[in-house]
Visitor: 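Questions regarding the structure given below will be posed in turn.
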Amino acid sequence: MKHVFDDELFCSLKNELSEVSAQIDAQSAKLMGLIDQKKEYPLS
């Protein structure tokens, strides 16, 4: 029984990590886009 619970917990954590990783990737892409815009249009 414990082994089944561990497998379910592992799968759940793996899925959660995949979601968080995807969110980080998306935010990183947005940030890189903003950095590129800043390079193209400096304030000074």
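Predicted model only: the values in this text are computed from it and were never measured. Numbers for residues simply follow the sequence, beginning at 1.
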Visitor: Tell me, please, which residues at least two apart from Leu9 pass side chain to side chain contact (heavy atoms under 4.5 Å, CB included).
Guide: Phe5, Leu13
Visitor: Mind checking who shares a hydrophobic cluster with Ile24, ILVMFWY linked at side-chain heavy-atom distances under 4.5 Å?
Guide: Val20
Visitor: Other members of the hydrophobic cluster containing Met32, with the 4.5 Å side-chain heavy-atom rule, please.
Guide: Leu31, Ile35
Visitor: Whether the side chain of Ser18 engages the backbone of Lys14 through a donor-acceptor N/O pair (distance < 3.5 Å, no angle test) should be reported.
Guide: yes
Visitor: If you round to the nearest 0.5 Å, how far is CD of Gln27 from CG of Asp25?
Guide: 10.5 Å
